[in-house]
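First the structure, in the form of structure tokens, and then the observations on it.
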Amino acid sequence: MGQNTTTTPIDLSVDLAGVHLINPVMTASGTSGFGPEYAAFLDISSLGAFVTKAVTPEERRGNPQPRTVETAAGMLNAIGLANVGLERFCREKVGYLSGLGIPIVVNVAGRNADDYANVCRRLDEIECLSILELNVSCPNVSDGLDYGTDAGRLEALVAHVRPFVRRAKLMVKLSPNVTDITATARAAVNGGAEILSLINTLQGMAINVETRKPMLANRVGGLSGPAIKPVAVCMTDKVYRAVARDAGVPIVAMGGIQNWRDAVEFMLAGATAVAVGTMLFVDPTVPIQIREGLTDYCHRHGLSAVRNIVGQVDR
Amino acid sequence: MPVMNHSNCEPSIHPRLIDATVIANTLICREHFRITFECADMTGARAGQFVHLAPARSASHPSDTIGTNWSPVPLLRRAFSIAGLVAAAPDRCHIDVIYRVVGTATRWMASLRVGDSLSVMGPLGNCFPLSTGKRHAWMVAGGVGLPPMLWLAEALRGADRDGIAFVGARSRDLLALTVDRNVPVSIDGTRASPAAREFARHEVPVVISTDDGTFGFAGRIGGALRAYFAAAGVPADDLVVYTCGPEAMMADAARFCAERGIECHVCMERAMACGTGTCQSCVVAVHEPSAVDGWRYELCCTQGPVFDAGRVIWSGVGGAVQH
């Protein structure tokens with residue numbers, strides 16, 4: 001990086017339904033805790049936005065361990081939405097997040113529509129929380145996947161939550177574990193989603209052949225990491241062309257992003273912003289490297305603003 | 001009796017993410033290697049802490065302009081207890097890690113040569129509490145639980161404790177110690193001797209066991225521990241036990257201590273992705289009176305790896321830790 005000698009400033013900022021991001025690089029839910037965990041390695045305030053781990057109405061201990069296992073170019077996880085719960089989140093976590101000075105996205109999960117609505121209503125009151133992301137696609141708890149894989153139920157859920165999100169923007173995270181992701185994307189938009197995020201993890205399983213036991217205590221988990229990137233790019237492309245572009249709904253894309261090249265790929269497919277997940281575990285500075293790489297890419301391609309590449313893959 | 005408190009072992013250094021250079025990587029016994037690497041100074045680290053290792057980015061690609069790919073293997077970092085750390089001038093240090101080749105990551109590590117780079121995140125986790133007020137400090141290690149004890153032995157000497165190391169292995173050729181052939185080793189477990197050079201240089205004698213009886217005490221290290229305790233006459237209230245190794249071995253050592261009122265600290269191992277408290281993989285179930293049902297999960301990476309043995313709820317499931 002920093003090889004270029006031109007002084008033309010590159011505009012890395014993007015807009016998510018009116019929420020201004022200084023650059024398009026975010027964290028993915030569940031991979032960076034509630035903020036302070038990476039403070040030793042990463043200046044979070046230099047990101048476009050920060051996305052928290054899922055918050056549920058009640059505190060959850062999560063699944064028994066083993067909760068994660070590495071697979072080829074990826075990992076399976078079955079954490080089970082372990083989190084401190086809504087009240088402790090508001091009491092103990094918001095203070096730190098509000099000091100970051102960048103848009104904060106809170107991932108919201110629950111057992112039923114009222115759970116989602118109650119969490120959203122409470123969080124909507126907190127000024128520094130810019131976007132609420134409905135986690136309808138966590139494959140590791142039996143109570144979320146139904147919403148994410150059934151277009152009709154998803155639209156009803158989003159429509160139910162919609163009136164309780166007045167100040168913040170409403171984002172819906174789509175599951176890849178469906179036959180046609182454009183159907184659930186359309187349902188989310190019809191229900192009132194202002195931003196779409198995709199993809200959540202792909203359901204997967206690994207078995208220890210010596211012991212014949214599943215590698216995860218939960219038997220199955222969600223696959224993430226570089227292994228799923230082509231799937232995620234494909235789904236981003238589909239959702240952008242079939243739903244998001246015409247609806248004017250921006251996409252936050254994720255799935256195995258390791259570097260600026262991956263980020264550009266997702267943006268060309270139609271993503272307005274990108275989120276780094278699994279690779280944060282390997283190197284928490286990846287988002288910073290991506291930001292620098294995007295600047296370099298824009299210089300090399302004569303782009304004044306990175307947003308100009310959104311959806312610009314050749315058709 | 002002082003309160004068992006893991007807050008009295010605060011490391012004095014924040015974790016870093018740095019590249020290191022391999023300066024040695026040698027086979028020390030069957031399947032076990034000792035790798036030594038040089039990196040930015042981490043001398044504020046403490047025994048019990050770990051480093052989280054991955055291939056260096058520069059090792060796979062000369063320039064980031066083509067985009068860093070961490071894949072194919074290993075993708076995630078792997079956590080290893082620090083087995084030794086010495087300052088190397090100026091502002092540098094040498095870190096020892098001992099590993100057994102059991103999977104893709106350790107196979108990668110075994111392929112590293114002098115001068116190669118690797119990425120180091122650390123030091124991470126808490127450390128063994130030394131300010132226990134106990135005269136006698138016994139280290140009980142099984143298999144790959146040995147490495148943190150090597151560094152703890154040095155720390156205990158600095159703290160003026162009377163240390164003894166109990167080291168168990170499946171068989172003699174899996175014992176990752178340099179044994180002095182001229183020093184006798186107890187076969188009934190009742191005597192400790194300076195037979196292992198790594199401990200002897202810190203004036204710590206050892207009791208060694210092998211499951212198959214090919215060296216030292218025949219059987220599990222817990223058997224040797226009981227035999228030694230019965231013969232030694234060390235008062236339980238003036239003894240602290242530190243243990244690291246397979247889950248069943250640690251549970252046994254913890255049970256031995258609990259039955260006698262001996263203070264015990266366990267260094268746990270769990271499948272771990274981030275090492276910094278974000279991924280929530282590495283949970284250890286602990287007794288917690290204030291929690292629902294009297295227990296909760298704590299994270300091995302940030303609230304451990306060292307736990308008060310009396311708090312740990314032993315499930316018999318050690319976790320499928322990939323190395």
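Proteins get letters first, then strands, A, B, ... in listed order; numbering begins at 1 in each. Bear in mind the structure is a predicted one, so any value in this text is a computation, not a measurement.
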Should [X] and [Y] count as side-chain neighbours, where that means a heavy-atom distance under 4.5 Å?
X        : Y        : result
A/Arg67  : B/Met272 : no
A/Asn77  : B/Gln280 : no
B/Tyr297 : A/Pro64  : yes
A/Ile79  : B/Ser281 : yes

Just by modelled atom types, is the [Y] backbone N or O under 3.5 Å from a matching donor or acceptor in the [X] side chain?
X       : Y        : result
B/Arg77 : A/Val282 : yes
B/Arg16 : A/Phe41  : no
A/Glu70 : B/Leu75  : yes

Checklist outcome for this item: Taken to the nearest 0.5 Å, the spacing of A/Tyr38 OH from B/Thr278 OG1 works out to 3.0 Å
Item to check | From B/Met121 atom CE to A/Asp283 atom CG, the distance as rounded to the nearest 0.5 Å | outcome: 7.0 Å
Checklist entry - Side chain, backbone, both or neither: which part of A/Lys53 has a non-hydrogen atom closer than 4.5 Å to chain B? => result side chain
Is it the case that atom [atom1] in [X] sees more than 12 heavy atoms from other parts of the structure closer than 6.0 Å?
X        : atom1 : answer
B/Arg30  : CZ    : yes
B/Arg220 : CZ    : no
B/Arg100 : CZ    : yes

Checklist entry - For A/Arg88, what residues pass the side-chain contact (heavy atoms from CB on, under 4.5 Å) criterion, not counting sequence neighbours? => result A/Glu59, A/Val84, A/Arg91, A/Glu92
Item to check | Proximity of residues 27-37 of chain A to chain B, residues having a non-hydrogen atom under 4.5 angstrom | outcome: A/Gly30, A/Thr31, A/Ser32, A/Gly33, A/Glu37
